[in-house]
Amino acid sequence: MFKKGEYVVHGRSGVCIVENITTTDMSEDKDQKYYVLVPVKTPESKIFFPVDNDRIVLRPILTKNEARKVLRDMKKVEPVFIANDRQREVVYKEAIASCDCLKLAEIIKTLQVRSKEREKQGKRNTFVDDRYLKEAKDFLNHEFSIALEIDLDKIEDYIIERIK
């Protein structure tokens with residue numbers, strides 16, 4: 001069980017702070033405990049997440065050492081190529097929902113390569129590609145920023161430098 005004040009990674013909202021652990025009268029089970037999560041990227045919102053929920057990933061944020069190991073492992077990540085647009089979007093959604101940093105890096109690399117290929121063809125990025133690239137970067141950057149204690153506006157350059 002997470003504690004109040006801890007950072008966690010939520011499968012749909014990214015990095016959040018556990019603001020509280022409470023019960024609520026929204027549930028039929030009055031003894032059901034909920035985490036009250038505040039997403040780092042949208043601090044004005046709150047998520048009431050059942051403590052015993054196992055359908056959506058909720059995991060501790062990486063430690064500094066874990067983040068450094070993931071950065072080393074990111075060097076080996078290769079882009080994936082899926083021709084079918086719908087199937088590709090499913091893969092993007094699954095990667096983001098998994099909260100797995102290496103899968104997020106894979107999606108980012110895939111979308112960056114895809115963007116360059118489309119640019120060579122005189123095409124713009126698709127809305128779907130842009131949306132998932134932004135979401136994957138946001139999730140990864142927020143977690144690494146907190147884990148490595150580096151300002152959010154400097155973390156992307158730090159990651160790029162480390163994986164070259």
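Remember, predicted model here, so these are calculated numbers, not experimental data.
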Item to check | Single-linkage hydrophobic cluster Val91~Val77, side-chain heavy atoms < 4.5 angstrom | outcome: yes
Next on the checklist: For residues Ile155 and Leu140: do they belong to one hydrophobic cluster (side chain heavy atoms under 4.5 Å, members Ile, Leu, Val, Met, Phe, Trp, Tyr)?
Outcome noted: yes
Check for a donor-acceptor pair, side chain of [X] on one end and backbone N or O of [Y] on the other, with a separation under 3.5 Å.
X	Y	answer
Arg59	Val8	no
Thr110	Glu106	yes
Ser98	Asp100	yes
Asp129	Tyr132	no
Asn53	Arg55	yes

Contact summary for [X] and [Y], nearest pair of heavy atoms:
X	Y	result
Asp151	Ser145	C-OG, 3.7 Å
Arg162	Lys75	O-CE, 2.9 Å
Lys3	Ile21	CA-CD1, 4.4 Å
Ile159	Leu71	CG2-CD2, 3.9 Å
Ala147	Thr63	CB-O, 4.1 Å
Ile107	Ala136	CG2-CB, 4.4 Å

Between [Y] and [X], is there a side-chain heavy-atom distance shorter than 4.5 Å?
X	Y	result
Val18	Val36	no
Ser13	Leu37	no
Val70	Leu62	yes
Leu152	Asn141	yes
Ile163	Arg72	no
Asp52	Gln32	yes
Asp85	Val128	no
Pro60	Phe2	yes

Check this for me: does any side-chain nitrogen of one of [X] and [Y] sit under 4.0 Å from a carboxylate oxygen of the other?
X	Y	answer
Lys134	Asp130	no
Glu19	Lys46	yes
Glu149	Lys64	yes

Item to check | Lys137 and His142: CA distance, side-chain angles, deciding distance, side chain to side chain contact (heavy atoms under 4.5 Å, CB included) verdict | outcome: CA-CA 8 Å; Lys137 281 183 173 185; His142 278 98; over 6 Å; no
Item to check | His10: which of Phe49, Phe48, Phe139 passes ring pair (Phe, Tyr, Trp, His ring centres under 6.0 Å) | outcome: Phe49
Checklist entry - Under 3.5 Å, is there a donor-acceptor pair linking the side chains of Glu135 and Tyr92? => result no
Next on the checklist: Checking Asn125 against Glu119: is there a side-chain donor and acceptor pair closer than 3.5 Å?
Outcome noted: no
Within a 6.0 Å radius of atom [atom1] on [X], are there more than 12 heavy atoms belonging to other residues, nucleotides or ligands?
X	atom1	answer
Tyr158	OH	yes
Phe81	CZ	yes
Lys116	NZ	no
Arg12	CZ	no

Checklist entry - Would Arg131 and Glu89 count as a salt bridge (Lys or Arg N to Asp or Glu O under 4.0 Å) if you check the C-alpha gap in whole Å, the side-chain angles of each, and the deciding distance to 0.1 Å? => result CA-CA 11 Å; Arg131 187 180 83 198; Glu89 185 174 4; 3.4 Å; yes
Checklist outcome for this item: The reported gap from CD in Glu78 to NZ in Lys109 (rounded to nearest 0.5 angstrom) is 6.5 Å
